[in-house]
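Following: one structure in structure tokens, then a few remarks.
Each chain gets a letter, A, B and so on, in the order its sequence line appears, and its residues count up from 1. Remember, it's a predicted structure, so these values are computed and weren't measured experimentally.
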2 protein chains.
Amino acid sequence: MGSDRLTVREIARLAGVSVATVSRVSNGVGQVSEETRRRVQRAIEEHGYRPDHLGRALAAGRHGAVGLVFPGLSGPYFSELIQGFEAEAVHTRTSVHILCTHLRDDSDAEVVEMARRVDGLAVFGGTVSPDTLRELAKLVPVVVLAGEGPPGMPSVRAENVAAATALTRHLLADHGLRGLVFVGDPRNSPDVTGRWEGFRAAHRQLGLPAPRAPLRVGLEQHDGVFAAEQLLSRAAPPRGVVCANDETALGMLVGAAARGVRVPADLVVTGFDDIPMAALVSPALTTVRQPVRELAGRTARLLLRAAAGEAGGPDAALVLPTDLVVRRSCGCPAPTGAGTATARRPATGHRPTTDHTTTEHDPTAAGRRPAAGARSTR
Amino acid sequence: MGSDRLTVREIARLAGVSVATVSRVSNGVGQVSEETRRRVQRAIEEHGYRPDHLGRALAAGRHGAVGLVFPGLSGPYFSELIQGFEAEAVHTRTSVHILCTHLRDDSDAEVVEMARRVDGLAVFGGTVSPDTLRELAKLVPVVVLAGEGPPGMPSVRAENVAAATALTRHLLADHGLRGLVFVGDPRNSPDVTGRWEGFRAAHRQLGLPAPRAPLRVGLEQHDGVFAAEQLLSRAAPPRGVVCANDETALGMLVGAAARGVRVPADLVVTGFDDIPMAALVSPALTTVRQPVRELAGRTARLLLRAAAGEAGGPDAALVLPTDLVVRRSCGCPAPTGAGTATARRPATGHRPTTDHTTTEHDPTAAGRRPAAGARSTR
DNA sequence: TTGAAAGCGTTACCAA
DNA sequence: TTGGTAACGCTTTCAA
């Protein structure tokens, strides 16, 4: 178990030098004669010495780690987010600690606790209260991911309102649908708030009466099934639903199928995020693509720069563009579909990567091909 | 941002006492006169002083944190695992740091790096090499989660082989199916290895020829769709597939539906894990339930005890029992199904919690009901 | 009951 | 090029 930890002093003694010299060698800084360096190096390697983190951090006044705070981790969206973030952090040799607050009531305290162990914090929108966010910012640099913080706090998010507006307008104007229902809880997260916002804006812009209240459910697949049960057992089920994310929409598809409700003939369903499954179900899901990877990457860069003590640029609130992805679940015909100005249509059927133009390498494409011998997730 | 951190010295000066007294008060140890205690307490609260973690950890020689190492985070399985682990850790005021190694080639080094920042490590089976595992164990206490480590290393896992055997026997013997295909990569993780093992054992036990090689795909939903494409485009598609987990099975269902293949009439599909969606799809998924929450809880308790320096008991490799859950996707009739000895059948249709006897509180049940005003995941 | 001082393991400054 | 030593912020003896 916890073997005899060796210290700089120990190595110094063994190599017959001072601790200062050992520190210089192990960090590769300062001037050390070739001969001494070799001697110290040998002692280090021979005993497998690695400087203790606590000591180092205490002396440096830095932890060499940043925190990533999420409410939960369900689904490919978060998975991708984390991957994008870590890919960036690895460059600066900064380790990333993930904290899931879940729904615990003392979660804000937990986040504050974490703030004391890291050099910076990326907090997912809606995870902690604005007050706590301000408190955190007094301790360490904070960047809000997929949301907005108090004025002046840097944040990175995807454009939700306009995309949701375009999507909803597509259903209302191009498909002539009425009585649409928004499935998701706008209080859930800033993302959902924005999508609900756009949903309403579309109605307003077209001079239609305001839509009814949203069906407030969570963002996981089974929440969508639950929503389908609710909606489809009504006397007059809606002709279309705009789901807060793809997973809910997939669940909706499942629930509809279970009741023999045909999509899109009887019910139109749309999602949000464009996760890999969105293009694989039938009918393929009309949705909005957001640059998840870049979202995470930009957040990481912003945070890492701030955590390193470099003056934060004037970049306050970054908003990344999104794309409407029109597929079949909205009622558009298979290969060529009527779309809005921003719509990009599927070229072929079943490959999410080639469905629409992507600006960056999409790792899910590689993931789908089961490369023999490669270790896969889990 | 990083405001003037106050130190113990500062507070001592303000309260007109020594640092030792401040330390005693802030930790609630030792003897301090009521009067002094109040004065120090006031200074502490007035300035919002909280002892620095690094200093404290350095003095104590402990980090007050443990690490949780996963290959990735896709799906409800990991989500549940993390939640279960953290629920246990919160009791001991230990914070949990999650590390996702993804598929990076330098991930073993990353794990070693993390080992130097925590008091103990729970490593998901198959995430790091046995050699690295041994190296880690030299630095901190290690518990393997959902797998087994080198001899002597504590581990907690679910019973896979017998469950997979029972499941497969059910298909072979009770349903008379032949030419089954195992969908999943046994090299992926110990869990999958065990399931493949059981799959083969069932064939052996019934005196049937050994099954063909598994269709090696990942464990996410889209991997199942991919597998369906592969299998169903063959000249002679299989009559049944045993999927390595529920998500793959759900993807298989989607892929089958897209091709007009009926389940279970044309194709029998089974999963593993019993995630919430398993009971909600139609046909509902025949699968194996594993006590994910308890898996995580036991791992946490084992690790936390070891991390606290308490002598680890004689508990080497814990194996938790699993349950075969027979639903419709295997071909059993809806309400009452032919089952094996261990089978527990659904009582009603659509509530995973009540589908089969569970020994502990199932948080997904609460999660499914969208409690108005409650913050939901993400 | 309180305080002075010695660590904890590292880095970095200042002399030598 | 090296070594001594003072931080870093805290806990914890040991005396008073």
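- Side chain of A:Arg9, nearest nucleotide from C:dG9, C:dT1, D:dG9: C:dG9.
- Considering only the side chain of A:Leu58, C:dG9 comes nearest among C:dA5, D:dC10, C:dG9.
- In terms of phosphate contacts, B:Arg56 brings no side-chain nitrogen or oxygen within less than 4.0 Å of OP1 or OP2 of D:dG9.
- Between A:Asp108 and A:Val112 there is no side-chain heavy-atom pair separated by less than 4.5 Å.
- At the heavy-atom level, A:Ala60 lies nowhere under 4.0 Å from the strands shown.
- You'll find the side chain of A:Arg293 reaches within 4.5 Å of the side chain of A:Gln83, heavy atoms only.
- Here D:dC10 presents its P atom at 9 Å from CD1 of B:Ile11, a figure rounded to the nearest Å.
- Applying the 4.0 Å criterion to OP1 and OP2 of D:dT1, one finds that A:Ser33 has every side-chain N and O outside that range.
- Within the 4.0 angstrom heavy-atom criterion, only backbone atoms of the sugar-phosphate kind lie near B:Val32; the bases stay farther away.
- The shortest side-chain heavy-atom distance between A:Leu295 and A:Tyr77 falls under the 4.5 Å cut-off.
- Using a 4.0 Å heavy-atom cutoff across all strands shown, A:Val29 reaches no nucleic acid atom at all.
- Contact annotation: B:Thr21 reaches the phosphate of C:dG3 (side-chain N/O to OP1 or OP2, under 4.0 Å).
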